[in-house]
Amino acid sequence: MLDLAYDLQQVFYGEDFALNLLRVLPGTSDVMFRGIIGIVDVEALEGRSMTATRTLQCAATVDLRVDDLLQALEPSIPQRITAGDKFKVLDVPQRINDGAEVEMLL
């Protein structure tokens with residue numbers, strides 16, 4: 001039998017791919033969760049310019065919103081992330097994979 005909560009945390013967001021992240025908001029308790037930080041190319045100036053921007057994919061159970069501040073709790077050498085790096089959620093998280101996960105720009 002499938003256990004989506006277990007599968008997301010142990011299989012898809014396990015130690016092989018995901019990082020421990022901390023959502024830091026003034027006036028609320030910090031929330032630790034696991035997420036996958038990636039990089040996508042974004043077009044600008046009507047396709048005349050390309051830029052790389054970071055994305056975050058995580059389980060939809062994490063309450064993330066625009067302008068939330070995130071902090072990496074561990075390094076990721078391939079992504080050039082060091083422990084303590086900070087990120088800001090730039091866009092509304094979009095539900096993916098039947099709504100079990102969300103993806104957003106950082």
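Basis for what follows: all heavy atoms, side chains included, without hydrogens, waters or symmetry-related copies.
Note that CD of E74 and CG of N20 are 4.5 Å apart. Values are rounded to the nearest 0.5 Å. Note: D91 CG to E103 CD = 10.5 Å, rounded to the nearest 0.5 Å. With rounding to the nearest 0.5 Å, the separation of OG1 in T61 from CD in E101 is 10.0 Å. Put simply, CE on M32 and CG on L73 are 6.5 Å apart, with the number rounded to the nearest 0.5 Å. Taken to the nearest 0.5 Å, the CE atom of M104 stands 10.5 Å off from the CZ atom of R95.
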Practice prompt. Assess whether side chain to side chain contact (heavy atoms under 4.5 Å, CB included) is satisfied between L64 and C58, documenting all intermediate values.
Written response: CA-CA 10 Å; L64 295 173; C58 64; 3.8 Å; yes

Practice prompt. Just do the side chain to side chain contact (heavy atoms under 4.5 Å, CB included) check on K88 and D67 with the steps written out, would you?
Written response: CA-CA 6 Å; K88 184 176 182 179; D67 295 333; 3.1 Å; yes

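Residue L25 comes nearest to D30 through the heavy atom pair N-OD1, 4.2 Å, listed as atom of the first residue, atom of the second, then distance. Scanning all heavy atoms of the two residues, the minimum distance from D68 to D63 falls at OD2-O, 3.9 Å. Here the closest non-hydrogen pair linking A72 and I81 is CB-CG2, 3.7 Å. Taking every heavy atom of both residues into account, V102 and P93 meet most closely at CB-CB, 4.1 Å. Closest non-hydrogen pair, L19 versus P75, comes out as CD2-O, 3.7 Å. Taking every heavy atom of both residues into account, L106 and T53 meet most closely at O-OG1, 3.4 Å.
Of the possible donor and acceptor atoms, none in the side chain of R23 sits under 3.5 Å from a partner among the backbone N and O of F33. In this structure, Q94 contributes its side chain and V92 its backbone to a donor-acceptor pair below 3.5 Å.
Each of D85, L22, V89 was compared with L70 under the side-chain contact (heavy atoms from CB on, under 4.5 Å) criterion, and only V89 meets it.
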